[in-house]
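Please read the structure below before turning to the comments.
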Amino acid sequence: MAEGAVLQVLLETVKNLIINEVSLMIGVEGQIVKLQDMLDWMHLSIIEADEAFISDKKLKLWVMKMREIMFDTEDAIDGFILEIVHPRRFQKDPGALTAVIKNVLLPLIKPISLREYGRRIENINTRVQNLKDNKENFWFDTSANTTGGCAESSNQLSQSPSLQQKITERRAAIAAEEIGDTIHIHEDSVRQVKSLLTGDECDDKRLRVISIIGMGGVGKTTLSRNIYKLMHQFDRRAFVYISKSYKPQEVLRSIVKCFPSISCEGELTNKTLHDFLKEKKYLIVLDDVWDITAWDGLKSSFPEDKNGSRVLLTTRHEDVANTASSHTTNIHRLSVINKDESWRLFLKKMFPSEDTNTSEQVIDSKNLVPLGKEMVRKCYGLPLAIVVLGSLLLTRQRTVNEWRKVNDAVNRHLSQVDGDPSLICSGILALSYDYLPYYLKPCFLYMSLFPEGTKIRATKLFQYWIAEGFVRKEEQETLEDIAENHLEELIRRSLIQVSKLRCDGRVKTCRIHNLLRDISITESKGGQFSKTYDSIDKFYIDQDSSRRVSVYCKKTESNEKYLTEFNYKKIRSLICQDARFTEGTKLASLFGGFKSLRVLEIYSCTKGGVSLPEEIGDLIHLKYLSLEKSKLNKVNTSFLSKLVNLQTLNLKDCNCELRLGDHIWSLRQLRNLYLDIVKPRANKSMFSRNAPTDKLNIGNLENLHSLVIKAGDWLNNGGLEKLSSLRKLRIEECLSSHSLRISNAVVKLTEVRSLALICKTSSTPLPSEGVPLISFEFSKHTFLSSLRYKGEIPGWPTSPISFPPYLCKLKMESSRIKEDPMPILEKLLPNLTLLHLGIDSFQGKEMVCSKGGFSCLETLKVYWTENLERWTIEEGALTNLVNLKIRGCIKLKRIPPGLQHLIKLQKLNVVDMPLLFQNRLKEAGKDWDKIKHIPAVGRLGWG
């Protein structure tokens, strides 16, 4: 349940109200303080109920009632802040309200509003007390959980027979699926794991613990079981299922039962099993290990006699694998299967006794192959889903009409839990969600807001989570660091997949398997957490009560006619993409109807000619605002001055006139700021030389972690150097006149991880504008891992550059370097994993990668170095290169000599290269022997 995290946010809001706004609560302060106590009890109770909720129907009813109270409380507190606290704050500001409103209306409104909110809060307190007094009617004993209610506790689970029964039934369904040895899937994995079990390494005789890790349903149990059947060289073997709710005695008894010569009577200990296995070569398979505690409790049972014994465990959690296996080489990650394997598995399930060709001929004779392949595609390579689909079709007639019905509703069929125990794909996968700690559940459910197949930027995900309050501050760590920890934990639990890593190993983009996404959608709908629509009119018609909504419109639709009638005060997050707003009144109405928003993203949503309306300032709860690529006509940021809680402001690529009012720099909660060209607020002197472009007090924003901005006169006022928390800095259109200001500021920003300086360049041979990289001192920038520089570097490499000591990624463009940069870069940047030499970065004719150079480099891109004629890769250079891309090097006649020595190279892309160059890469070409070992070779462009 995500309610635990939401209640935590509510608690902190109420506590801050009591501390900071006590003068505004005269007459209701008693009810507010009592509400805090009630929320404390609700928070503890909801955490303790978290696991038992999975199977207890009465407890589900209790949680539903709790959720209703929680939502009403959230609405009441938000309304109190909007109608009482916020006007009072601006009453103190002479420019905020007129004298008439301040002196006449506010004194009349405040007592009436206070009494109204007092009654609402009193009613909420009464409802909570009633729920508290009657909790025994819901069969819920909060004292049972001795671990304080943590979702990781096995104690609560062991006292819930219905839950244990449900888990057993789910696992039994997997165990019943005997795929057998006749169908070959995960063949590479079978070979690798068998090699780990029986390999000839020098330490082969030592006890080795091998871990298979992967998401639910990917085939870990089947793989380990099939390998287990082949391992007859071991004296003693046992295959046991552990489960989340394991009991040590039961696990030991299950292992001992595999050995008839040892008695299962009486109490069993680790020593009992240890003595029985002593001096024997054994193989113990521990299937479905959920936590480190389970392994720690069992590992003393396995003696180390250096006789080749093995323990093989399967798990969904990377932490378990890292703890149990002494080295990463003993960990095997199991992925989904490919298209061909999926089809073969489907046919084997449909026709167990037939070979693949015969099976395909049978369904082809009934014109079912296209439908069958379409349904298998929707399983996204997950073996469990394919097996469930095959089981379902075995019960249906083999006709086009019948299979089409299944195809039209395949997701619903895969999500079915009741009825036939084989149709429980969603239930098996949902176990990983069921046992998440409460603070991770809303983070996982947020994935339901993204379209299928989306690659999600990790930084954006963090900003959403932080704005929603799902990330709590801890000592010595920033909110972004904690959010990153949450994502990594979800990845380790196999609930989210890495799409792309940064050069320093951190996650850049992530994705979610579509079947897991279906679970997040189902759970989100059930808990009123979120809902997704494909048009605004469907959102309007549905009138759903979800707290978070995403709308991804078809680009041809215009749904703005509904916006004037929106009044959804209960929605906390709205993500809207590709709607079309052509009138400012429509956009104003949109803002006016969603006054409780924390997150608002309007992406690519106007046709131009629309300005940001003043009503944006009414969204006082807003913490995340993004209008990226919305093609607004004008943005007057003085309208944003009331958004005192704003953490993220993204006005990139709005193609608009951006006017910054003085108040924007008072938004001290800002953590992420993305701006285009900065202009002053309109005033009488704006066209004079003394226009206040240099009075943008950016130094006030001391909490900034990310800043993307275009250079301008604002740099003259200083302040950039005060942003000591900055992690990402990108300054575009830098001029030579900005050089000293930027270099003096950057030298002080030692916490920066990513730096990009994009100088204004010229296509002529004349020197370009820019900030000379040689003027920077980077020796103290030990966290700086990514550097992008676009601009000329005069005198380099003769004049040295002080590169950051641990730089992993370097991208250079328009640098106009005359001498070969490789010898210097090889020496100065030993940790480099990505090097991009972009357009006009190198103007020389020859380039050499030396022996021993770039030993860590994994990706090398050389683009549009149009004078390059000769490129040599010496044997022993680039020993870890995986990806190589060559583009637009029009004078380069052949692939670099020495490329054949790059045995780890997996991908070569050649784009926009001369025909002669391309012809040499063909199978009969002169350079074929140099590239034939590369698995993926792509050629595009002139050839």
Side-chain angles (χ1 to χ4, degrees), residues 327-329 500-508 727-729 746-747 749-757 772-790 793 795-813 815 817-838 841-842 844 846-863 865 868 871-886 896-908:
H327 197 277
T328 54
T329 56
K500 187 176 182 180
L501 289 172
R502 298 184 184 276
C503 61
D504 58 1
R506 293 160 51 237
V507 179
K508 184 173 185 177
R727 300 288 187 90
K728 175 181 179 178
L729 174 62
V746 168
V747 74
L749 303 178
T750 56
E751 296 293 318
V752 168
R753 292 179 176 177
S754 175
L755 174 64
L757 299 174
L773 199 60
I774 57 176
S775 66
F776 286 80
E777 173 55 54
F778 286 122
S779 61
K780 295 182 180 180
H781 289 69
T782 55
F783 296 104
L784 184 54
S785 60
S786 175
L787 175 61
R788 180 184 177 188
Y789 182 78
K790 182 178 180 181
I793 311 179
W796 190 76
T798 305
S799 300
I801 295 177
S802 170
F803 282 107
Y806 301 107
L807 196 67
C808 299
K809 176 181 177 180
L810 176 61
K811 185 173 183 179
M812 305 173 75
E813 298 172 89
S815 305
I817 301 168
K818 301 295 191 295
E819 297 182 35
D820 182 3
M822 292 303 191
I824 300 295
L825 295 178
E826 290 170 345
K827 181 179 179 180
L828 295 180
L829 301 174
N831 300 303
L832 210 62
T833 59
L834 186 151
L835 174 60
H836 180 132
L837 297 179
S841 58
F842 174 49
E846 184 172 4
M847 193 162 66
V848 178
C849 297
S850 307
K851 179 180 180 180
F854 291 126
S855 60
C856 294
L857 199 68
E858 297 176 356
T859 299
L860 175 59
K861 299 179 181 180
V862 181
Y863 288 2
T865 54
L868 182 62
W871 179 8
T872 302
I873 299 176
E874 295 181 355
E875 187 173 359
L878 304 171
T879 52
N880 283 294
L881 196 69
V882 177
N883 298 301
L884 173 62
K885 192 165 186 176
I886 305 171
L899 192 71
Q900 66 272 20
H901 302 306
L902 307 185
I903 58 175
K904 292 189 177 181
L905 193 61
Q906 297 294 308
K907 190 174 182 180
L908 170 65

Fill in the blank from the handout: Between W796 and I824 the two heavy atoms that sit nearest each other are CZ2-CG2, 3.8 Å

Practice task
Answer whether the closest heavy-atom distance between the side chains of V507 and L501 falls below 4.5 Å.
Solution key: yes

Fill in the blank from the handout: CG (L878) and CE (M822) are apart, to the nearest 0.5 Å, by 7.5 Å

Practice task
Could you tell me whether a side-chain N or O of D820 sits under 3.5 Å from a main-chain N or O of V848, the two making a donor and an acceptor?
Solution key: yes

Practice task
Report, as yes or no, whether the 6.0 Å neighbourhood of atom CD on E875 holds more than 12 heavy atoms from other residues, nucleotides or ligands.
Solution key: no

Problem - Set of salt bridge (Lys or Arg N to Asp or Glu O under 4.0 Å) partners for E874, sequence neighbours left out - result: none

Practice task
Please check if the side chain of T833 supplies one atom and the backbone of C808 the other of a donor-acceptor pair under 3.5 Å.
Solution key: yes

Handout entry: Residues which pass side-chain hydrogen bond (donor to acceptor under 3.5 Å, both in side chains) with N831, listed by chain and number, not counting sequence neighbours
Key = none

Handout entry: L899 to L884 - nearest heavy-atom pair and separation
Key = CD1-CD2, 3.6 Å

Exercise for the section: Would you name the heavy atoms of K861 and Y863 that are closest together and state the gap between them? Expected result: CD-OH, 3.7 Å

Exercise for the section: Return yes if some donor-acceptor pair links the side-chain N/O of N880 with the main-chain N/O of S855 below 3.5 Å, else return no. Expected result: yes

Completion exercise
To the nearest 0.5 Å, atom CE of M847 lies from atom CD1 of I873 at 8.0 Å

Problem - Separation between CG of L787 and CD1 of I801, rounded to the nearest 0.5 Å - result: 9.0 Å

Completion exercise
In terms of heavy-atom contacts, L757 and F776 come closest through CD1-CZ, 3.4 Å

Exercise for the section: Taking atom NZ of K907 as the centre, report whether more than 12 heavy atoms of other residues, nucleotides or ligands fall under 6.0 Å from it. Expected result: no

Completion exercise
To the nearest 0.5 Å, atom CG of L835 lies from atom NZ of K811 at 11.5 Å

Practice task
Find the distance between CG (L825) and CZ (F803) and round it off to the nearest 0.5 Å.
Solution key: 5.5 Å

Fill in the blank from the handout: Of all heavy-atom pairs linking S802 and E777, the shortest is OG-OE2, 3.2 Å

Practice task
With sequence neighbours left out, write down each residue that passes side-chain hydrogen bond (donor to acceptor under 3.5 Å, both in side chains) with R502, or none if nothing qualifies.
Solution key: none

Handout entry: From NZ (K790) to CE (M812), nearest 0.5 Å
Key = 14.0 Å

Problem - Sequence-distant partners of D504, salt bridge (Lys or Arg N to Asp or Glu O under 4.0 Å), two or more places apart - result: R506

Handout entry: Pairing residues for K809 by the side-chain contact (heavy atoms from CB on, under 4.5 Å) criterion, not counting sequence neighbours
Key = C503, K508, S786, L834

Problem - Side chain proximity check, P896 to I886, heavy atoms < 4.5 angstrom - result: yes

Handout entry: Among V747, V752, V746, the one residue meeting side-chain contact (heavy atoms from CB on, under 4.5 Å) with F778
Key = V746

Handout entry: Lys/Arg-Asp/Glu bridge criterion (N-O < 4.0 Å) met for R788, E813
Key = yes

Problem - side-chain hydrogen bond (donor to acceptor under 3.5 Å, both in side chains) against T750, all qualifying residues, sequence neighbours excluded - result: none

Problem - Nearest non-hydrogen partners of V862 and T865, listed with the distance - result: CG1-OG1, 3.6 Å

